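Proteins come first, then strands; the chains are lettered A, B, ... in the order of their sequence lines, and each starts at number 1. Note that the coordinates shown come from a computational prediction; the quantities given were computed from them, not determined experimentally. Because only heavy atoms are used, hydrogens play no part in the values below, and waters and symmetry mates are left out as well, while side chains stay in.
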Amino acid sequence: MDHEATVGDSGADDPAAGLEFERNRRTAHIDALRGAGTNPYPHRFDRTHTLGELRELHGALEPGTETDVPVRVAGRIMLKRDQGKLIFITVQDRTGTIQLFVSKSEVGEDGFAAIVELDLGDWVGAAGIMMATRKGELSVKTSSVSLLSKAVRPMPDKWRGLSDVETRYRQRYADLIVNDEARRMFAVRHEIIASFRRTLHDHGFIEVETPVLHVEAGGAPATPFVTHHNALDMQLYLRIALELHLKRLIVGGMERVYEIGRVFRNEGLSSRHNPEFTLMELYQAFGDYTEMMGITEHLITTAARDATGSSVVTIDGTEIDLAVGWRRARMIDLVAEATGREVHPNQPRETLVALAAEHEVRVQPYWGTGKIIEELFGATAESSLREPTFVTHHPVEVSPLARVDPADPHLTERFELHVGGRELANGYSELNDPREQRARFEDEQRAKDAGNLEAGTVDEDYLRALEYGMPPTGGLGIGIDRLTMLISGAQSIRDVILFPTLRPEVF
RNA sequence: GCGCCUUUAGCUCAGCUGGUAGAGCAACGGACUCUUAAUCCGCAGGUCCUGGGUUCGAUCCCCAGAGGGCGCACCA
């Protein structure tokens, strides 16, 4: 090939090295390949094995032995060790890596010259036979190597990798190429979701899809994203929860439904919050909150085993086995435990306001006693709940869709799962009395009018659905991102979301 | 939104309360037929995030801004 065309003929303004020089060099090489009749982006290459399969089949090959097993493999060049007339190339696919043993005497002068020109990051296909080197490294003794896709941009450092977190999130493709840990996170995430689907299928749940664009954003206390539909000329909200549509399906008699879907909340970002995140919600006719706690334990423990092979997770450096039963404690009891004072929504508001002040909780004027208790819980007890704990019996005020506890009209049949100081799941016995639901919605609407932006509104269609009759039902929601963090050991939610929300990059 | 930290070559990082920058890897030229981040020799590569200011002189000090991280607030 015309090697002179690949270097040295760049314009006077081009730098002598650096990124631009490198890209120019490689694009010039692509032109040279095309000029010589070689397609740098050929249509296909058929492989006989993945690299993991080869390791499984031939991993036990004795050092220095050669088989007569022909193979065709493909992968990205990660390392290249040039020995003069012998080149060792480490290629990677999603199942692992393998070494290509490239001898000039095997591939010929022209073939060898082309292989010398390959860059780290290029995708290649190779044909050859299986062998193990004298040192025992499983290799493909290569008879030919073909370029499958030329990389124009250089890879991150082959040893130190890519560690700049901003670049890792913005250029996830580069992160996935070089960081095993990044690939592992998303493998775990996939296994958790796949495990959920298996478990739910086994329990007779049907997976459904409900609207993302809502006329009213309900089902959770949160600030929605607002958008607009042009043809209908109407304001729409991106959903903040799956709940209200899924329960309409329970009214319709579907009995066991779930959805794993993206929800959107227009709130702050942190290492535990991304504006869009994934929620699994399920609803089971003839279930209640105690059954939901059982399903929660089963789903999460099974997912941990499926994803990592173990039900043991590490929380803040401490190993915790999810398979042992989880503590259950009422919210009011946990607050009492943390503050040394009994609390209950039926207490005078002034009493709770005073206690809140002692714990530096800033009470909003529109908060009732139930909301103050929930905030007190958040300020005093929540962060100490490292081991999985079902916090139960939330006040009615903060649970507008949950059934009241028959033993205490101020509390609900509800639970939240807390692990490692953060909320992971939420469930309850669903309120199915349309008249009571209307009254609760009206309370919400009043709170909204009084200044609580996160309060709900009266969802007339949902009330109409309830009027057709919803069976007694248990419901559950699990935050998939946070669960993935727990099981994978990720420190930031951005490590378990492929493309986390960032401010736009300036090019 | 507030506070603290951070931004230097494609990547990973040095850079002395101020004298306009270095290394390793990658790249480029060369040697090498069993390497494992191959090794060895040589060579090149910079908007020191941006804009102001102070100074004879700023990667360094000051101010403003941008991106990112962490905490707080909000929330899941």
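Nucleic acid contact class of A/G161 (heavy atoms, under 4.0 Å, all strands): sugar-phosphate only. Looking at heavy-atom distances under 4.0 Å, A/N426 makes no contact with the nucleic acid at all. Contact annotation for A/E423: backbone-only contact, meaning every heavy-atom pair under 4.0 Å involves sugar-phosphate atoms and none involves a base. If you check every strand for non-hydrogen atoms under 4.0 Å, A/N266 touches nothing. Looking at heavy-atom distances under 4.0 Å, A/S163 makes contact with sugar-phosphate atoms alone, never a base. Within 4.0 Å of A/R422, counting heavy atoms only, lies no atom of the nucleic acid at all.
Ring-plane geometry between A/H214 and A/H245 is classed as tilted, the angle between the planes lying from 30 to 60 degrees on a 0 to 90 degree scale. Between A/F390 and A/W326, the ring planes are tilted. Angles from 30° to 60° get that label.
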What is the per-nucleotide protein-contact pattern of nucleotides 69-74 of chain B, from the 5' end, where B denotes a base atom under 4.0 Å from a protein heavy atom, S denotes such proximity for sugar-phosphate atoms only, and - denotes neither? SSS--B
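Using a cut-off of 4.0 Å between Lys/Arg side-chain N and Asp/Glu carboxylate O, A/R183 and A/E181 are scored as not salt-bridged. Salt bridge annotation for A/R327-A/E387: absent, with no cationic side-chain nitrogen under 4.0 angstrom from a carboxylate oxygen. Under 4.0 Å is where a charged nitrogen must lie from a carboxylate oxygen, and between A/E22 and A/R26 at least one such pair does. In this structure, A/R25 pairs ionically with A/D119, as a charged nitrogen and a carboxylate oxygen lie closer than 4.0 Å.
The separation between A/F264 atom CZ and B/rA76 atom P is 17 Å, rounded to whole Å. If you take CG of A/D82 and C1' of B/rG29, they are 13 Å apart, rounded to a whole angstrom. Between the CD atom of A/Q92 and the P atom of B/rA37 there is a distance of 15 Å, rounded to whole Å. Atom-to-atom, CG of A/D122 to P of B/rA27 comes out at 10 Å; the value is rounded to the nearest Å. Separating the CE atom of A/M155 from the C1' atom of B/rC11 is a distance of 11 Å, rounded to the nearest angstrom. Taking atom CG of A/L86 as the reference point, atom P of B/rU33 lies 8 Å away to the nearest angstrom. Rounding to whole angstrom units, CD1 of residue A/I87 and P of B/rA31 are separated by 13 Å. Distance, A/K85 NZ to B/rG30 C1': 13 Å, rounded to whole Å.
Nucleotides B/rA9 and B/rA21 place their C1' atoms 11 Å apart, quoted to the nearest Å. The gap from the P atom of B/rG67 to that of B/rC74 amounts to 24 Å, rounded to the nearest Å. Using C1' as the reference atom, B/rG53 and B/rU8 are 22 Å apart when rounded to the nearest Å. The separation of B/rG10 from B/rU47, taken at their P atoms, amounts to 7 Å, rounded to a whole angstrom. The gap from the P atom of B/rC48 to that of B/rU7 amounts to 15 Å, rounded to the nearest Å. For the P atoms, the distance from B/rA26 to B/rG68 is 31 Å, rounded to whole Å. B/rG29 and B/rA44 are spaced 15 Å apart, taking the P atom of each and rounding to whole Å. The gap from the P atom of B/rG19 to that of B/rA58 amounts to 11 Å, rounded to the nearest Å.
In this structure, A/F277 counts as stacked on the base of B/rA76 under the 5.5 Å centre distance and 30° plane angle limits.
For the residue pair A/Y169 and A/D175, no side-chain donor N or O sits within less than 3.5 Å of a side-chain acceptor on the partner. Looking at A/H393 and A/Y428, their side chains never bring a donor and an acceptor atom within 3.5 Å of each other.
Shown here, B/rC16 forms no base pair; nothing in the strands shown gives a Watson-Crick or G-U wobble contact with both key distances under 3.5 Å. Under the Watson-Crick and G-U wobble criteria, each requiring two contacts below 3.5 Å, nucleotide B/rU59 is left unpaired. The pairing partner recorded for B/rA9 is none, the criterion being a Watson-Crick or G-U wobble arrangement whose two distances lie under 3.5 angstrom. Checking B/rC70 for Watson-Crick or G-U wobble geometry (two distances, each under 3.5 Å) identifies B/rG3 as its partner. Using Watson-Crick or G-U wobble geometry with both donor-acceptor distances under 3.5 Å, B/rC40 finds its partner in B/rG30.
Proximity note for A/E137 (side chain, C-beta onward) versus B/rU12, B/rU36, B/rA76: the nearest is B/rU36. Comparing B/rU33, B/rU12, B/rU36 against the side chain of A/R160 picks out B/rU12 as the nearest. Each of B/rA37, B/rU36, B/rG67 was ranked by its minimum atom distance to the side chain of A/R81; first place goes to B/rU36. Comparing B/rU12, B/rA27, B/rG10 by their nearest atom to the side chain of A/D119 picks out B/rA27. Side-chain proximity of A/R25 to B/rA76, B/rC28, B/rU33: nearest is B/rC28. When distances run from any side-chain atom of A/R503 to the nucleotides B/rG10, B/rG68, B/rU33, the shortest one goes to B/rG68. Of the candidates B/rC25, B/rC32, B/rC34, B/rC34 carries the atom nearest the A/R134 side chain, counting heavy atoms from C-beta on.
Sequence order on RNA chain B of the closest nucleotides to A/L120 and A/G84 puts A/L120 first from the 5' end. The residue among A/D164 and A/G136 whose nearest nucleotide of RNA chain B is located toward the 5' end is A/D164.
More than 12 heavy atoms of other residues, nucleotides or ligands sit less than 6.0 Å from atom CD of A/E505.
The distance from the OG1 atom of A/T484 to the CZ atom of A/F277 is 13.0 Å, given to the nearest 0.5 Å. To the nearest 0.5 Å, the span separating CH2 on A/W123 from CG on A/L148 amounts to 9.0 Å.
Contact annotation: A/R23 does not reach the phosphate of B/rG10 (side-chain N/O to OP1 or OP2, under 4.0 Å). Contact annotation: A/K158 does not reach the phosphate of B/rC25 (side-chain N/O to OP1 or OP2, under 4.0 Å).
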